[in-house]
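Nothing here was measured: the structure is a model prediction, and the numbers come from that model. Chain letters run A, B, ... following the sequence lines, proteins first and then strands; every chain starts at 1.
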There are 2 protein chains.
Amino acid sequence: MVTKKKPSPKWRSGCPLNASVEILGDRWSLLIIRDMMLRGFRSYKEFLESYEGIATNILADRLRKLMAHGIITTGRDPLDGRKVIYSLTEKGIDLAPVLTEMVLWAAAHEKTENPGLVQLIQKDKEQFLAAARERWAGKTIAARAK
Amino acid sequence: MVTKKKPSPKWRSGCPLNASVEILGDRWSLLIIRDMMLRGFRSYKEFLESYEGIATNILADRLRKLMAHGIITTGRDPLDGRKVIYSLTEKGIDLAPVLTEMVLWAAAHEKTENPGLVQLIQKDKEQFLAAARERWAGKTIAARAK
DNA sequence: CTTTTAACTTGCATTTTGCAAGTGACTTAT
DNA sequence: ATAAGTCACTTGCAAAATGCAAGTTAAAAG
């Protein structure tokens, strides 16, 4: 009888926080999700040209991983066969509270910009989250209507 | 005249989320904070023996970075000169909402364990956060009393 | 048909991660 | 007083990840 070191081979441990950091604990994934959620980005080029200057191979790698985890889905643009359209799934939009708390924490403790976003969240966090979900739902329905 | 690419040399961008992921966006930092916050860990050995099996040099590196960012502080154990005592700062305990949302997200979307923690959070998130802060405050006062 | 665009892939150098062994300071046991 | 053990790391090295720069393929535009 072998005593297995890791009961769940998928994760290093069974802790839910560990699962989160194994999926999202890098310097790019949450920024990609931010751009989809808060800026409405949907294409590789948009992500590429975001604020932080991600490398092409890293972007491709992260998008692939986010798809594998079911956080985003993809489709071809029917109007332009070259384009891939990336969208958040239900699992992906459910990350909104995580992003929101990280923004609040950094705004309280680090020198950052975009005070508008911070004030929007501080004013009414629940409303901010609801609005993010509404924008997501609108896009998702619009995508299905095509 | 040189046009600087990055207005804030400290961060890749001015976005607060970016600041958070530059500090916490790896697979170990938030787990160390979890162990301090939720399990009361204070020593290098305790962190080393946690669930996920961190490497000694990585643990040392992450503790050093968390100190540099003002998220934890250190002191010597007055009863044992070999021991370093690690503690969360105000900045560190303010990460509780981030950890909480990550736990909830993973519990909702991944196969994980520790349902007790998840239910505790789901039952009353604000109470859970208040209790974490109270435990932290108690330790901090006790440490000062020595 | 040629040029441009979109989404990548590739080769390679650098950096990060992690294994295994080792070190110095301190405590415990003899 | 000395030897053995503990604590918190450091070190050397191999493997993996990251990121730069150039390139590729498919589709659209001219």
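For the pair B:Arg42 CZ and D:dC7 P, the interatomic distance rounds to 17 Å; values are reported in whole Å. As rounded to whole Å, 11 Å separates atom C1' of D:dT25 from atom CZ of A:Arg76. For the pair B:Arg27 CZ and D:dA17 C1', the interatomic distance rounds to 11 Å; values are reported in whole Å. Atom-to-atom, CG of B:Asp61 to C1' of D:dG12 comes out at 16 Å; the value is rounded to the nearest Å. Atom P of nucleotide D:dG19 and atom CD of A:Glu52 are separated by 12 Å, given to the nearest angstrom. Rounded to an integer number of Å, the gap from CG of A:Leu31 to C1' of D:dG19 is 16 Å. Between the CZ atom of B:Arg12 and the C1' atom of D:dT18 there is a distance of 12 Å, given to the nearest Å. Atom NZ of A:Lys45 and atom P of D:dA27 are 18 Å apart (whole Å).
Both A:Thr56 and A:Gly81 sit near DNA chain D, but only A:Thr56 has its closest nucleotide nearer the 5' end. Nearest-nucleotide positions on DNA chain D for B:Asp80 and A:Ile54 put B:Asp80 closer to the 5' end.
In the hydrophobic cluster analysis, where Ile, Leu, Val, Met, Phe, Trp and Tyr join through side-chain heavy atoms closer than 4.5 angstrom, B:Leu38 is grouped apart from B:Tyr51.
Using a 4.0 Å cut-off between a side-chain N of Lys or Arg and a carboxylate O of Asp or Glu, B:Glu134 and B:Lys139 do not qualify as a salt bridge. Ion pairing of A:Lys10 with A:Glu22 is absent here, as no side-chain N (NZ or NE/NH1/NH2) approaches a carboxylate O to less than 4.0 Å. Taking the charged nitrogens against the carboxylate oxygens, A:Arg133 and A:Glu90 do have a contact shorter than 4.0 Å, which makes a salt bridge. Of the charged side-chain nitrogens involved, none lies within less than 4.0 Å of a carboxylate oxygen, so that A:Arg27 and A:Glu52 do not count as a salt-bridged pair. Between A:Arg64 and A:Asp61 there is a salt bridge, with a side-chain nitrogen of the basic residue lying less than 4.0 Å from a carboxylate oxygen of the acidic one.
Relative ring orientation between B:His69 and B:Trp11 is described as parallel, the plane-to-plane angle staying below 30° on a 0-90° scale split at 30° and 60°.
Figure legend: A:Arg34 and A:Trp28 shown without cation-pi pairing, the cationic atom not lying both under 6.0 angstrom from the six-membered ring centre and within 45 degrees of its axis.
Between the CH2 atom in A:Trp136 and the OG1 atom in A:Thr89 there is a gap of 7.5 Å [rounded to 0.5 Å].
Scanning DNA chain C 5' to 3' for nucleotides with an atom closer than 4.0 angstrom to a non-hydrogen atom of chain B gives a first and last hit of C:dT17 to C:dT27.
Not one side-chain nitrogen or oxygen of B:Lys83 sits closer than 4.0 Å to the OP1 or OP2 atom of D:dC7.
Across residues 65-72 of chain A, not one residue has a non-hydrogen atom less than 4.0 Å from an atom of DNA chain C.
Within 4.0 Å of B:Arg62, counting heavy atoms only, lie sugar-phosphate atoms of the nucleic acid but no base atom.
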